[in-house]
Chemist: 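Submitted below is the structure of interest, expressed as C-alpha coordinates.
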There are 2 protein chains.
Amino acid sequence: MAETSPRPPLATPAKSPPAEAAAHDRLYRVLRQQILVGELLPGQALTLRGLGKQFGLSMTPVREALRRLVAEGALTLSSSGRVATPELTNERIEELAALRALIEPELASRALPRAHLALIDRLSAINTVNAEAVAKRDAVAYIRTNLEFHRTLYLRAQAPAMLAVLETVWLQLGPTMRALYEKVPRNEPPRHHRLILAALRAGDEPGLRLAIRTDVTQGLRHLTG
Amino acid sequence: MAETSPRPPLATPAKSPPAEAAAHDRLYRVLRQQILVGELLPGQALTLRGLGKQFGLSMTPVREALRRLVAEGALTLSSSGRVATPELTNERIEELAALRALIEPELASRALPRAHLALIDRLSAINTVNAEAVAKRDAVAYIRTNLEFHRTLYLRAQAPAMLAVLETVWLQLGPTMRALYEKVPRNEPPRHHRLILAALRAGDEPGLRLAIRTDVTQGLRHLTG
DNA sequence: GCGCGGCATTTGTGATCACAAACGCGCATG
DNA sequence: CATGCGCGTTTGTGATCACAAATGCCGCGC
(Lines give C-alpha, C1' and ligand atoms only; values in the text may rest on other atoms or scores of the structure.)
Protein backbone atom coordinates (compact mmCIF):
# COMPACT_ATOMS: atom_id res chain seq x y z
CA MET A 1 0.00 0.00 0.00
CA ALA A 2 2.82 2.36 0.81
CA GLU A 3 4.89 1.19 -2.14
CA THR A 4 4.41 4.01 -4.58
CA SER A 5 7.60 2.91 -6.31
CA PRO A 6 9.14 -0.55 -6.77
CA ARG A 7 11.75 0.38 -4.19
CA PRO A 8 15.12 0.32 -5.96
CA PRO A 9 18.09 -0.67 -3.79
CA LEU A 10 19.19 2.92 -3.48
CA ALA A 11 19.73 4.33 -0.03
CA THR A 12 18.47 7.85 -0.66
CA PRO A 13 16.41 7.54 -3.79
CA ALA A 14 14.37 10.68 -4.27
CA LYS A 15 17.23 13.15 -4.29
CA SER A 16 16.25 15.96 -6.63
CA PRO A 17 18.07 19.29 -6.85
CA PRO A 18 16.25 21.16 -4.05
CA ALA A 19 17.66 21.37 -0.57
CA GLU A 20 16.49 18.20 1.11
CA ALA A 21 16.64 17.52 4.80
CA ALA A 22 17.26 14.12 6.31
CA ALA A 23 14.38 11.67 6.11
CA HIS A 24 13.90 11.43 9.84
CA ASP A 25 13.76 15.19 10.02
CA ARG A 26 11.11 15.44 7.34
CA LEU A 27 8.99 12.86 9.10
CA TYR A 28 9.51 14.67 12.37
CA ARG A 29 8.23 17.90 10.89
CA VAL A 30 5.17 16.28 9.34
CA LEU A 31 4.17 14.56 12.55
CA ARG A 32 4.93 17.59 14.66
CA GLN A 33 2.69 19.77 12.56
CA GLN A 34 -0.08 17.19 12.65
CA ILE A 35 0.09 16.98 16.42
CA LEU A 36 0.40 20.72 16.88
CA VAL A 37 -2.75 21.58 14.97
CA GLY A 38 -4.77 18.72 16.39
CA GLU A 39 -4.97 16.37 13.43
CA LEU A 40 -4.43 13.48 15.84
CA LEU A 41 -6.80 12.73 18.66
CA PRO A 42 -5.52 11.88 22.17
CA GLY A 43 -4.59 8.26 22.65
CA GLN A 44 -3.82 7.62 19.00
CA ALA A 45 -1.13 4.95 18.71
CA LEU A 46 1.80 5.20 16.31
CA THR A 47 3.95 2.22 15.36
CA LEU A 48 7.41 2.18 13.89
CA ARG A 49 6.61 -0.23 11.10
CA GLY A 50 3.30 1.41 10.39
CA LEU A 51 4.76 4.86 9.89
CA GLY A 52 7.70 3.38 8.07
CA LYS A 53 5.46 1.71 5.52
CA GLN A 54 3.30 4.82 5.27
CA PHE A 55 6.26 7.05 4.43
CA GLY A 56 8.43 4.53 2.62
CA LEU A 57 11.09 4.50 5.31
CA SER A 58 12.76 1.83 7.39
CA MET A 59 12.33 1.74 11.13
CA THR A 60 15.51 3.62 11.91
CA PRO A 61 14.54 7.14 10.83
CA VAL A 62 11.00 6.62 12.12
CA ARG A 63 12.35 5.73 15.50
CA GLU A 64 14.44 8.89 15.58
CA ALA A 65 11.51 11.09 14.66
CA LEU A 66 9.29 9.52 17.30
CA ARG A 67 11.98 9.66 19.95
CA ARG A 68 12.40 13.33 19.30
CA LEU A 69 8.69 14.00 19.57
CA VAL A 70 8.51 11.99 22.77
CA ALA A 71 11.36 14.05 24.19
CA GLU A 72 9.39 17.21 23.46
CA GLY A 73 6.29 15.83 25.12
CA ALA A 74 4.37 15.73 21.86
CA LEU A 75 3.97 11.98 22.29
CA THR A 76 4.00 9.70 25.28
CA LEU A 77 5.87 6.46 25.71
CA SER A 78 4.12 3.55 27.37
CA SER A 79 6.10 1.28 29.67
CA SER A 80 6.50 -1.22 26.86
CA GLY A 81 7.83 1.36 24.42
CA ARG A 82 4.65 2.02 22.53
CA VAL A 83 4.15 5.62 21.49
CA ALA A 84 0.85 7.45 21.33
CA THR A 85 -0.54 10.94 21.50
CA PRO A 86 -0.94 12.03 25.12
CA GLU A 87 -4.18 11.79 27.06
CA LEU A 88 -3.74 14.58 29.54
CA THR A 89 -5.16 14.67 33.03
CA ASN A 90 -6.90 17.81 34.19
CA GLU A 91 -3.99 18.59 36.48
CA ARG A 92 -1.57 18.43 33.62
CA ILE A 93 -3.75 20.61 31.46
CA GLU A 94 -3.87 23.18 34.25
CA GLU A 95 -0.09 23.13 34.48
CA LEU A 96 0.40 23.60 30.78
CA ALA A 97 -2.14 26.40 30.73
CA ALA A 98 -0.28 28.03 33.61
CA LEU A 99 2.94 27.81 31.63
CA ARG A 100 1.27 29.48 28.68
CA ALA A 101 -0.06 32.16 31.00
CA LEU A 102 3.45 32.77 32.30
CA ILE A 103 5.40 32.74 29.06
CA GLU A 104 3.07 34.28 26.51
CA PRO A 105 2.53 37.64 28.22
CA GLU A 106 6.29 37.95 28.53
CA LEU A 107 6.79 37.27 24.83
CA ALA A 108 4.02 39.68 23.91
CA SER A 109 5.55 42.33 26.08
CA ARG A 110 8.90 41.88 24.39
CA ALA A 111 7.29 42.03 20.97
CA LEU A 112 5.32 45.17 21.72
CA PRO A 113 8.09 47.73 21.07
CA ARG A 114 8.73 46.19 17.66
CA ALA A 115 5.11 45.72 16.66
CA HIS A 116 4.54 48.23 13.92
CA LEU A 117 1.48 48.58 11.75
CA ALA A 118 2.38 46.00 9.13
CA LEU A 119 2.53 43.34 11.82
CA ILE A 120 -0.79 44.35 13.30
CA ASP A 121 -2.34 44.16 9.85
CA ARG A 122 -0.96 40.67 9.38
CA LEU A 123 -2.36 39.63 12.73
CA SER A 124 -5.70 41.09 11.77
CA ALA A 125 -5.70 39.11 8.54
CA ILE A 126 -4.90 35.90 10.38
CA ASN A 127 -7.72 36.68 12.72
CA THR A 128 -10.08 36.93 9.78
CA VAL A 129 -9.08 33.50 8.51
CA ASN A 130 -9.52 32.21 12.02
CA ALA A 131 -13.07 33.54 12.11
CA GLU A 132 -13.78 31.67 8.87
CA ALA A 133 -12.55 28.46 10.45
CA VAL A 134 -14.93 29.04 13.32
CA ALA A 135 -17.79 29.57 10.90
CA LYS A 136 -16.93 26.36 9.08
CA ARG A 137 -16.58 24.39 12.32
CA ASP A 138 -13.12 23.38 11.12
CA ALA A 139 -11.26 22.37 14.27
CA VAL A 140 -7.85 21.95 12.68
CA ALA A 141 -8.01 25.23 10.81
CA TYR A 142 -9.18 26.97 13.95
CA ILE A 143 -6.28 25.68 16.03
CA ARG A 144 -3.78 26.34 13.28
CA THR A 145 -4.76 29.95 12.71
CA ASN A 146 -5.05 30.57 16.42
CA LEU A 147 -1.49 29.39 16.97
CA GLU A 148 -0.35 31.29 13.93
CA PHE A 149 -1.81 34.46 15.40
CA HIS A 150 0.15 34.02 18.60
CA ARG A 151 3.34 32.86 16.96
CA THR A 152 3.39 35.71 14.47
CA LEU A 153 3.24 38.14 17.36
CA TYR A 154 5.83 36.34 19.47
CA LEU A 155 8.30 36.05 16.61
CA ARG A 156 8.75 39.79 16.95
CA ALA A 157 10.01 39.31 20.47
CA GLN A 158 13.34 38.06 19.07
CA ALA A 159 13.42 35.39 21.74
CA PRO A 160 13.90 32.04 20.00
CA ALA A 161 14.64 30.05 23.14
CA MET A 162 11.49 31.23 24.89
CA LEU A 163 9.42 30.61 21.78
CA ALA A 164 10.86 27.12 21.46
CA VAL A 165 9.89 26.26 25.01
CA LEU A 166 6.44 27.67 24.45
CA GLU A 167 5.98 25.58 21.33
CA THR A 168 6.72 22.40 23.24
CA VAL A 169 3.89 23.40 25.56
CA TRP A 170 1.60 23.94 22.58
CA LEU A 171 2.64 20.56 21.21
CA GLN A 172 1.62 18.79 24.37
CA LEU A 173 -1.78 20.45 24.23
CA GLY A 174 -2.40 19.79 20.53
CA PRO A 175 -4.42 16.57 20.63
CA THR A 176 -6.31 17.70 23.71
CA MET A 177 -7.28 20.98 22.07
CA ARG A 178 -8.69 19.03 19.18
CA ALA A 179 -10.67 16.78 21.48
CA LEU A 180 -11.98 19.84 23.26
CA TYR A 181 -13.18 21.31 20.02
CA GLU A 182 -14.95 18.08 19.15
CA LYS A 183 -16.88 18.31 22.38
CA VAL A 184 -17.48 22.05 22.51
CA PRO A 185 -17.16 23.69 19.08
CA ARG A 186 -16.33 27.36 19.29
CA ASN A 187 -19.44 29.27 18.48
CA GLU A 188 -17.73 32.65 18.35
CA PRO A 189 -14.54 34.01 16.87
CA PRO A 190 -11.87 34.70 19.46
CA ARG A 191 -13.09 37.78 21.19
CA HIS A 192 -9.84 38.39 23.05
CA HIS A 193 -7.81 38.65 19.90
CA ARG A 194 -9.45 42.00 19.25
CA LEU A 195 -8.40 43.15 22.70
CA ILE A 196 -4.86 42.06 21.92
CA LEU A 197 -4.85 44.00 18.68
CA ALA A 198 -6.24 47.08 20.45
CA ALA A 199 -3.57 46.93 23.13
CA LEU A 200 -0.90 46.56 20.46
CA ARG A 201 -2.15 49.59 18.59
CA ALA A 202 -2.32 51.62 21.79
CA GLY A 203 1.12 50.50 22.93
CA ASP A 204 -0.55 49.51 26.18
CA GLU A 205 1.82 47.01 27.77
CA PRO A 206 -0.19 46.11 30.89
CA GLY A 207 -3.32 45.82 28.80
CA LEU A 208 -1.54 43.58 26.34
CA ARG A 209 -0.28 41.27 29.08
CA LEU A 210 -3.75 41.02 30.51
CA ALA A 211 -5.41 40.42 27.16
CA ILE A 212 -2.95 37.64 26.30
CA ARG A 213 -3.30 36.00 29.67
CA THR A 214 -7.07 36.10 29.47
CA ASP A 215 -7.08 34.69 25.95
CA VAL A 216 -4.87 31.82 27.01
CA THR A 217 -6.59 30.85 30.24
CA GLN A 218 -10.10 31.27 28.94
CA GLY A 219 -9.44 29.05 25.94
CA LEU A 220 -8.64 26.12 28.20
CA ARG A 221 -11.25 26.89 30.81
CA HIS A 222 -13.76 24.42 29.40
CA LEU A 223 -11.41 21.53 29.94
CA THR A 224 -10.69 21.69 33.62
CA GLY A 225 -14.30 22.42 34.47
CA MET B 1 37.82 -3.51 19.79
CA ALA B 2 34.78 -2.81 21.81
CA GLU B 3 34.53 -6.52 22.52
CA THR B 4 35.15 -6.78 26.21
CA SER B 5 33.63 -10.24 25.98
CA PRO B 6 33.69 -12.76 23.12
CA ARG B 7 30.22 -11.49 22.26
CA PRO B 8 27.89 -14.43 22.32
CA PRO B 9 25.10 -14.13 19.76
CA LEU B 10 22.69 -12.92 22.43
CA ALA B 11 20.93 -9.66 21.87
CA THR B 12 20.52 -8.53 25.45
CA PRO B 13 23.14 -10.44 27.40
CA ALA B 14 23.50 -8.86 30.85
CA LYS B 15 19.90 -9.31 31.92
CA SER B 16 19.88 -10.09 35.61
CA PRO B 17 16.76 -10.06 37.79
CA PRO B 18 16.79 -6.34 38.73
CA ALA B 19 14.62 -3.88 36.89
CA GLU B 20 16.74 -2.83 33.94
CA ALA B 21 15.88 0.02 31.62
CA ALA B 22 16.66 0.00 27.93
CA ALA B 23 20.26 0.66 26.99
CA HIS B 24 19.53 3.89 25.17
CA ASP B 25 17.64 5.11 28.21
CA ARG B 26 20.51 4.37 30.56
CA LEU B 27 22.93 6.20 28.31
CA TYR B 28 20.50 9.09 28.06
CA ARG B 29 20.34 9.40 31.82
CA VAL B 30 24.09 9.29 32.25
CA LEU B 31 24.70 11.97 29.64
CA ARG B 32 21.83 14.10 30.87
CA GLN B 33 23.17 14.13 34.39
CA GLN B 34 26.67 14.96 33.15
CA ILE B 35 25.39 17.87 31.13
CA LEU B 36 23.06 19.09 33.85
CA VAL B 37 25.73 19.39 36.51
CA GLY B 38 28.33 20.83 34.18
CA GLU B 39 30.69 17.91 33.73
CA LEU B 40 30.95 18.80 30.07
CA LEU B 41 32.26 22.15 28.89
CA PRO B 42 30.53 24.09 26.10
CA GLY B 43 31.52 23.04 22.61
CA GLN B 44 32.45 19.50 23.57
CA ALA B 45 31.80 17.15 20.66
CA LEU B 46 30.16 13.75 21.03
CA THR B 47 30.31 11.07 18.35
CA LEU B 48 28.08 8.06 17.88
CA ARG B 49 30.86 5.55 17.53
CA GLY B 50 32.88 7.13 20.29
CA LEU B 51 30.12 6.90 22.84
CA GLY B 52 29.16 3.49 21.54
CA LYS B 53 32.65 2.15 22.15
CA GLN B 54 32.81 3.87 25.51
CA PHE B 55 29.60 2.27 26.73
CA GLY B 56 29.80 -0.99 24.83
CA LEU B 57 26.82 -0.19 22.64
CA SER B 58 26.17 -0.09 18.95
CA MET B 59 25.32 3.12 17.20
CA THR B 60 21.57 2.63 17.31
CA PRO B 61 20.89 3.22 21.01
CA VAL B 62 23.54 5.93 21.15
CA ARG B 63 21.80 7.76 18.36
CA GLU B 64 18.51 7.60 20.18
CA ALA B 65 19.99 8.96 23.40
CA LEU B 66 21.69 11.82 21.58
CA ARG B 67 18.61 12.64 19.55
CA ARG B 68 16.60 12.87 22.70
CA LEU B 69 19.10 15.18 24.34
CA VAL B 70 19.21 17.34 21.23
CA ALA B 71 15.43 17.59 21.31
CA GLU B 72 15.61 18.85 24.88
CA GLY B 73 18.21 21.45 23.99
CA ALA B 74 20.85 19.75 26.09
CA LEU B 75 22.97 19.29 22.97
CA THR B 76 23.14 21.13 19.68
CA LEU B 77 23.20 19.64 16.22
CA SER B 78 25.53 21.11 13.63
CA SER B 79 24.42 21.35 10.02
CA SER B 80 26.29 18.17 9.21
CA GLY B 81 24.71 16.22 12.02
CA ARG B 82 27.49 16.48 14.56
CA VAL B 83 26.36 16.87 18.13
CA ALA B 84 28.08 18.94 20.77
CA THR B 85 27.33 20.73 24.00
CA PRO B 86 25.88 24.16 23.28
CA GLU B 87 27.90 27.36 23.25
CA LEU B 88 25.28 29.89 24.19
CA THR B 89 25.20 33.49 23.08
CA ASN B 90 24.57 36.17 25.66
CA GLU B 91 21.11 36.75 24.25
CA ARG B 92 20.23 33.11 24.68
CA ILE B 93 21.54 33.06 28.21
CA GLU B 94 19.38 36.05 29.00
CA GLU B 95 16.34 34.30 27.59
CA LEU B 96 16.94 31.16 29.57
CA ALA B 97 17.51 33.18 32.72
CA ALA B 98 14.24 34.98 32.05
CA LEU B 99 12.48 31.65 31.73
CA ARG B 100 13.90 30.53 35.06
CA ALA B 101 12.80 33.82 36.58
CA LEU B 102 9.29 33.24 35.28
CA ILE B 103 8.84 29.58 36.16
CA GLU B 104 10.73 29.12 39.39
CA PRO B 105 8.84 31.67 41.50
CA GLU B 106 5.62 30.06 40.35
CA LEU B 107 6.82 26.61 41.38
CA ALA B 108 8.06 27.94 44.71
CA SER B 109 4.75 29.61 45.33
CA ARG B 110 2.90 26.38 44.64
CA ALA B 111 5.24 24.48 46.92
CA LEU B 112 4.91 26.93 49.79
CA PRO B 113 1.62 25.64 51.25
CA ARG B 114 3.04 22.13 51.41
CA ALA B 115 6.49 23.06 52.72
CA HIS B 116 6.53 21.76 56.25
CA LEU B 117 9.51 21.69 58.58
CA ALA B 118 10.99 18.41 57.42
CA LEU B 119 11.35 19.82 53.94
CA ILE B 120 12.96 23.01 55.17
CA ASP B 121 15.42 20.94 57.17
CA ARG B 122 16.31 18.93 54.10
CA LEU B 123 16.83 22.11 52.12
CA SER B 124 19.02 23.45 54.89
CA ALA B 125 21.10 20.30 54.81
CA ILE B 126 21.54 20.54 51.05
CA ASN B 127 22.58 24.12 51.51
CA THR B 128 25.30 23.01 53.92
CA VAL B 129 26.71 20.55 51.40
CA ASN B 130 26.53 23.30 48.83
CA ALA B 131 28.62 25.56 51.05
CA GLU B 132 31.22 22.82 51.29
CA ALA B 133 31.38 22.62 47.51
CA VAL B 134 32.01 26.34 47.41
CA ALA B 135 34.80 26.01 49.96
CA LYS B 136 36.40 23.24 47.94
CA ARG B 137 36.06 25.15 44.67
CA ASP B 138 34.25 22.12 43.25
CA ALA B 139 32.25 23.45 40.32
CA VAL B 140 30.30 20.26 39.59
CA ALA B 141 29.37 19.69 43.22
CA TYR B 142 28.34 23.31 43.52
CA ILE B 143 26.04 23.15 40.52
CA ARG B 144 24.63 19.80 41.52
CA THR B 145 23.74 20.80 45.07
CA ASN B 146 22.41 24.13 43.90
CA LEU B 147 20.02 22.43 41.49
CA GLU B 148 19.15 19.85 44.11
CA PHE B 149 18.16 22.64 46.47
CA HIS B 150 15.79 24.12 43.93
CA ARG B 151 14.42 20.82 42.70
CA THR B 152 13.73 19.54 46.20
CA LEU B 153 11.63 22.61 46.84
CA TYR B 154 9.82 22.49 43.52
CA LEU B 155 8.98 18.82 43.82
CA ARG B 156 6.58 19.86 46.55
CA ALA B 157 4.66 21.94 44.04
CA GLN B 158 3.16 18.75 42.60
CA ALA B 159 3.59 20.18 39.11
CA PRO B 160 5.52 17.63 37.06
CA ALA B 161 4.92 19.28 33.71
CA MET B 162 6.22 22.63 34.87
CA LEU B 163 9.19 21.01 36.55
CA ALA B 164 9.98 19.09 33.39
CA VAL B 165 10.00 22.25 31.32
CA LEU B 166 12.18 23.95 33.88
CA GLU B 167 14.66 21.10 33.82
CA THR B 168 15.10 21.42 30.09
CA VAL B 169 16.04 25.04 30.73
CA TRP B 170 18.54 23.95 33.35
CA LEU B 171 19.93 21.40 30.91
CA GLN B 172 20.58 24.03 28.30
CA LEU B 173 22.47 26.11 30.85
CA GLY B 174 24.54 23.24 32.28
CA PRO B 175 27.76 23.51 30.29
CA THR B 176 27.63 27.30 30.37
CA MET B 177 27.25 27.33 34.14
CA ARG B 178 30.33 25.20 34.40
CA ALA B 179 32.29 27.49 32.11
CA LEU B 180 31.14 30.46 34.18
CA TYR B 181 32.40 28.83 37.34
CA GLU B 182 35.78 28.18 35.74
CA LYS B 183 36.12 31.87 35.03
CA VAL B 184 34.60 33.28 38.22
CA PRO B 185 34.64 30.77 41.07
CA ARG B 186 32.00 31.47 43.68
CA ASN B 187 33.74 32.94 46.67
CA GLU B 188 30.68 32.84 48.89
CA PRO B 189 27.96 30.32 49.62
CA PRO B 190 24.63 31.21 48.07
CA ARG B 191 23.40 34.06 50.17
CA HIS B 192 19.91 34.06 48.68
CA HIS B 193 19.24 30.52 49.74
CA ARG B 194 19.00 31.72 53.33
CA LEU B 195 16.43 34.28 52.25
CA ILE B 196 14.46 31.53 50.56
CA LEU B 197 14.53 29.41 53.69
CA ALA B 198 13.45 32.36 55.81
CA ALA B 199 10.53 33.13 53.53
CA LEU B 200 9.50 29.47 53.59
CA ARG B 201 9.56 29.40 57.38
CA ALA B 202 7.56 32.62 57.56
CA GLY B 203 5.07 31.49 54.97
CA ASP B 204 5.81 34.74 53.17
CA GLU B 205 4.70 34.15 49.59
CA PRO B 206 5.71 37.50 48.04
CA GLY B 207 9.02 37.35 49.85
CA LEU B 208 9.60 33.82 48.59
CA ARG B 209 8.89 34.79 44.99
CA LEU B 210 11.29 37.70 45.25
CA ALA B 211 14.01 35.65 46.91
CA ILE B 212 13.78 32.96 44.25
CA ARG B 213 13.80 35.44 41.44
CA THR B 214 16.78 37.26 42.87
CA ASP B 215 18.69 34.03 43.40
CA VAL B 216 18.09 33.00 39.81
CA THR B 217 18.88 36.26 38.07
CA GLN B 218 21.87 37.13 40.20
CA GLY B 219 23.50 33.77 39.60
CA LEU B 220 23.62 34.41 35.88
CA ARG B 221 24.41 38.10 36.13
CA HIS B 222 28.13 37.61 35.60
CA LEU B 223 27.58 36.09 32.19
CA THR B 224 25.67 38.75 30.37
CA GLY B 225 27.88 41.51 31.77
C1' DG C 1 57.91 29.09 3.67
C1' DC C 2 53.07 29.13 2.49
C1' DG C 3 48.83 27.83 0.46
C1' DC C 4 45.98 24.56 -1.74
C1' DG C 5 44.32 20.26 -3.77
C1' DG C 6 43.41 15.49 -3.09
C1' DC C 7 42.89 11.37 -0.59
C1' DA C 8 42.37 8.49 3.68
C1' DT C 9 39.65 8.56 7.67
C1' DT C 10 35.99 9.72 10.44
C1' DT C 11 31.22 10.30 11.01
C1' DG C 12 26.18 10.51 10.38
C1' DT C 13 22.20 8.18 7.80
C1' DG C 14 19.31 4.61 6.58
C1' DA C 15 18.26 -0.43 5.67
C1' DT C 16 18.01 -4.95 7.34
C1' DC C 17 18.09 -8.72 10.48
C1' DA C 18 17.67 -11.41 14.89
C1' DC C 19 15.46 -11.54 19.15
C1' DA C 20 12.37 -11.07 23.10
C1' DA C 21 8.53 -9.13 25.12
C1' DA C 22 3.87 -7.58 24.76
C1' DC C 23 -0.52 -8.02 22.73
C1' DG C 24 -4.72 -10.08 21.38
C1' DC C 25 -7.61 -13.41 19.72
C1' DG C 26 -9.63 -17.83 19.89
C1' DC C 27 -10.35 -22.16 22.02
C1' DA C 28 -10.95 -25.23 25.66
C1' DT C 29 -12.64 -25.84 30.22
C1' DG C 30 -15.36 -25.32 34.46
C1' DC D 1 -22.13 -18.83 29.22
C1' DA D 2 -18.18 -16.91 31.45
C1' DT D 3 -13.17 -17.19 32.23
C1' DG D 4 -8.49 -18.12 31.71
C1' DC D 5 -4.85 -20.15 29.12
C1' DG D 6 -1.87 -20.50 25.10
C1' DC D 7 0.04 -19.56 20.91
C1' DG D 8 0.49 -16.79 16.63
C1' DT D 9 1.30 -12.06 15.55
C1' DT D 10 2.69 -7.56 16.25
C1' DT D 11 6.00 -4.41 17.99
C1' DG D 12 10.09 -2.28 20.13
C1' DT D 13 15.28 -2.95 20.79
C1' DG D 14 19.82 -3.41 19.45
C1' DA D 15 23.58 -5.00 16.15
C1' DT D 16 25.57 -4.73 11.77
C1' DC D 17 26.32 -3.26 7.17
C1' DA D 18 26.54 -0.18 3.00
C1' DC D 19 26.96 4.39 1.62
C1' DA D 20 27.85 9.32 1.16
C1' DA D 21 29.37 13.45 2.95
C1' DA D 22 32.25 15.99 5.87
C1' DT D 23 36.76 16.40 8.01
C1' DG D 24 41.39 17.01 8.31
C1' DC D 25 45.91 15.99 7.26
C1' DC D 26 49.77 15.35 4.25
C1' DG D 27 52.45 16.46 0.50
C1' DC D 28 53.01 18.84 -3.78
C1' DG D 29 53.71 23.03 -6.20
C1' DC D 30 54.52 27.95 -6.33
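Labels below follow one simple rule: chain letters A, B, ... track the order of the sequence lines, proteins then strands, and each chain is numbered from 1.
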Chemist: Can you give each donor-acceptor pair under 3.5 Å made by side-chain atoms of residues 33-52 of chain A, sequence neighbours left out, with the distance rounded to 0.1 Å?
Modeler:
unit_1: A/Thr47; atom_1: OG1; unit_2: A/Gly50; atom_2: N; d: 3.0

Chemist: Tell me the interatomic distance from B/Asp25, atom CG, to D/dG14, atom C1', rounded to whole angstroms.
Modeler: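 After rounding, the gap between these two atoms is 14 Å.
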Chemist: Just jot down the salt bridge (charged side-chain N to carboxylate O under 4.0 Å, His left out) partners of B/Arg151, sequence neighbours excluded, or say none.
Modeler: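 B/Arg151: salt bridge (charged side-chain N to carboxylate O under 4.0 Å, His left out) contacts with B/Glu167.
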Chemist: Find which nucleotide of DNA chain C each of A/Ser80 and A/Arg26 is nearest to by heavy atoms, and output the residue with the more 5' nucleotide.
Modeler: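 On the 5' side of the pair lies A/Arg26.
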Chemist: Nearest whole Å is fine: how far is D/dT11 C1' from A/Gln54 CD?
Modeler: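 A/Gln54 atom CD is separated from D/dT11 atom C1' by 16 Å.
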Chemist: Suppose the criterion is salt bridge (Lys or Arg N to Asp or Glu O under 4.0 Å): which pairs have a residue in residues 60-78 of chain B, not counting sequence neighbours?
Modeler: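 The answer is A/Arg63-B/Glu64, A/Glu64-B/Arg63, A/Glu64-B/Arg67, A/Arg67-B/Glu64, B/Asp25-B/Arg68, B/Arg32-B/Glu72.
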Chemist: Looking at DNA chain D, which of residues 58-78 of chain A put a heavy atom within less than 4.0 Å of it?
Modeler: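 Within this stretch, A/Met59, A/Arg63, A/Arg67 sit under 4.0 Å of the strand.
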Chemist: Go through the structure and list residues passing salt bridge (charged side-chain N to carboxylate O under 4.0 Å, His left out) with B/Glu132, not counting sequence neighbours.
Modeler: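 Partners of B/Glu132 by the salt bridge (charged side-chain N to carboxylate O under 4.0 Å, His left out) criterion come out as none, since no residue qualifies.
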Chemist: Quick one: bend of the helix from C/dG1-D/dC30 to C/dG30-D/dC1 from 5 pairs per end, to 10°?
Modeler: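 For the helix from C/dG1-D/dC30 to C/dG30-D/dC1, the axes at opposite ends meet at about 10°.
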Chemist: Got a sec? Which of residues 42-50 of chain B come in under 4.0 Å of DNA chain C, heavy atoms?
Modeler: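 Per residue number, the list reads B/Leu46, B/Thr47, B/Leu48, B/Arg49.
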Chemist: Taking only residues two or more places apart in sequence, or in another chain, which ones meet A/Arg82 in a salt bridge (charged side-chain N to carboxylate O under 4.0 Å, His left out)?
Modeler: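 Checked A/Arg82 against salt bridge (charged side-chain N to carboxylate O under 4.0 Å, His left out); zero matches.
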Chemist: Please identify each residue that fulfils salt bridge (charged side-chain N to carboxylate O under 4.0 Å, His left out) with A/Arg110, with sequence neighbours left out.
Modeler: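 For A/Arg110 the salt bridge (charged side-chain N to carboxylate O under 4.0 Å, His left out) partners, ignoring immediate neighbours, are A/Glu106, B/Glu94.
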Chemist: Let me know the distance between NZ of B/Lys53 and C1' of D/dT16, rounded to the nearest Å.
Modeler: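 So the two atoms are 15 Å apart, to the nearest Å.
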Chemist: Let's go through A/Glu104 and A/Asp215 carefully: what are the C-alpha distance in whole Å and the side-chain angles of both, what is the deciding distance for side chain to side chain contact (heavy atoms under 4.5 Å, CB included) to 0.1 Å, and is it a yes or a no?
Modeler: CA-CA 10 Å; A/Glu104 298 201 24; A/Asp215 181 54; over 6 Å; no
Chemist: Given atom CG of B/Leu27 and atom P of D/dT13, what is their separation to the nearest angstrom?
Modeler: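 So the CG-P distance, B/Leu27 to D/dT13, works out to 14 Å.
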Chemist: For residues 152-164 of chain A, which residue pairs qualify under salt bridge (Lys or Arg N to Asp or Glu O under 4.0 Å), counting only residues two or more places apart or in two chains?
Modeler: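 Matches after skipping sequence neighbours: none remain.
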Chemist: Name all residues meeting the side-chain contact (heavy atoms from CB on, under 4.5 Å) criterion together with B/Thr89; count only those two or more places apart in sequence or in a different chain, and write none if there are none.
Modeler: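 Partners of B/Thr89 under the side-chain contact (heavy atoms from CB on, under 4.5 Å) test: B/Glu91, B/Arg92.
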Chemist: Choosing from D/dT13, D/dA22, C/dA22, which nucleotide comes nearest the side chain of A/Arg82?
Modeler: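 So the nucleotide nearest the side chain must be C/dA22.
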Chemist: Does B/Thr152 reach the main-chain N or O of B/Glu148 with its side chain, forming a donor-acceptor pair under 3.5 Å?
Modeler: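 Yes; judged by distance alone, with no hydrogens or angles, the pair exists.
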Chemist: Could you work out, with side-chain hydrogen bond (donor to acceptor under 3.5 Å, both in side chains) as the rule, every residue matching B/Ser80, not counting sequence neighbours?
Modeler: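 Counting only residues at least two positions away or on another chain, B/Ser80 forms a side-chain hydrogen bond (donor to acceptor under 3.5 Å, both in side chains) with B/Ser78.
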Chemist: Measure NE2/B/His24 against P/D/dT13 and give the value in whole Å, please.
Modeler: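 Taking NE2 of B/His24 and P of D/dT13, I get 5 Å after rounding.
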